[in-house]
Amino acid sequence: DSLLFFYSGHGSQQANWNDREKDGFDETLVPVDAQTCGQLVDDEINEILVQPLPAGVRLTCFLDSCHSGSGLDLPYRWNPYMEEG
């Protein structure tokens, strides 16, 4: 199975309180109801979208927003210049 998540909108950062971010900030998505419901923090997005994925399921995610480089809070980064081994 394959899943697609696409977000195009505002992104931001907020202070990190669990000491998991090297730069001291969590990346966030800023939905239209952010003033009443809050921003979506990368840790929460990981818990909702990534961690529950069953084995063999592929998630493709497009984040078209500021500060989206680690928006899923994954433990690694893709490097297109690495040789395949």
Side-chain angles (χ1 to χ4, degrees):
D1 292 329
S2 296
L3 303 170
L4 173 68
F5 179 78
F6 183 91
Y7 175 82
S8 183
H10 292 291
S12 189
Q13 293 180 309
Q14 65 184 30
N16 172 256
W17 303 109
N18 62 16
D19 295 326
R20 288 182 12 185
E21 302 288 343
K22 290 181 183 179
D23 65 356
F25 291 95
D26 280 312
E27 286 65 46
T28 64
L29 301 181
V30 185
V32 69
D33 60 353
Q35 289 188 353
T36 56
C37 296
Q39 299 178 31
L40 298 171
V41 180
D42 57 0
D43 297 342
E44 297 169 332
I45 297 168
N46 180 285
E47 291 172 10
I48 294 168
L49 289 180
V50 177
Q51 291 181 22
L53 289 174
V57 174
R58 171 177 275 177
L59 171 66
T60 301
C61 179
F62 294 94
L63 299 177
D64 177 22
S65 62
C66 293
H67 308 289
S68 63
S70 62
L72 294 181
D73 211 24
L74 300 174
Y76 49 84
R77 291 179 187 250
W78 177 66
N79 182 345
Y81 303 105
M82 288 183 62
E83 293 183 24
E84 291 186 32

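Numbers here are sequence positions counted from 1. Computed from a prediction, not measured in an experiment: that's the story for all the values here.
- In terms of heavy atoms, S65 sits closest to Y7 at CB-CE2, 3.9 Å.
- A search for side-chain contact (heavy atoms from CB on, under 4.5 Å) contacts involving C61 returns F5, L63, L72, not counting sequence neighbours.
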Does the side-chain contact (heavy atoms from CB on, under 4.5 Å) test come out yes or no for F6 and T60, once each step is laid out?
-> CA-CA 8 Å; F6 183 91; T60 301; over 6 Å; no
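- Residues satisfying the side-chain contact (heavy atoms from CB on, under 4.5 Å) criterion with Q14, sequence neighbours excluded, are D26, T28, Q39, V41.
- Residues satisfying the side-chain hydrogen bond (donor to acceptor under 3.5 Å, both in side chains) criterion with D1, sequence neighbours excluded, are absent altogether.
- Applying the side-chain contact (heavy atoms from CB on, under 4.5 Å) test to L3 and every residue at least two apart in sequence or in another chain returns L53, V57, L59.
- Not counting sequence neighbours, the partners of L40 by the side-chain contact (heavy atoms from CB on, under 4.5 Å) test are L29, P31, I45.
- Other residues, nucleotides and ligands place no more than 12 heavy atoms under 6.0 Å from the CD atom of Q35.
- Expressed to the nearest 0.5 Å, how far CG of D43 lies from CD of E27 amounts to 9.0 Å.
- Annotation for D64 and S8: closest pair OD2-OG, 2.8 Å, computed over non-hydrogen atoms.
- Within the structure, the salt bridge (Lys or Arg N to Asp or Glu O under 4.0 Å) test picks out no pair touching residues 45-57 (sequence neighbours left out).
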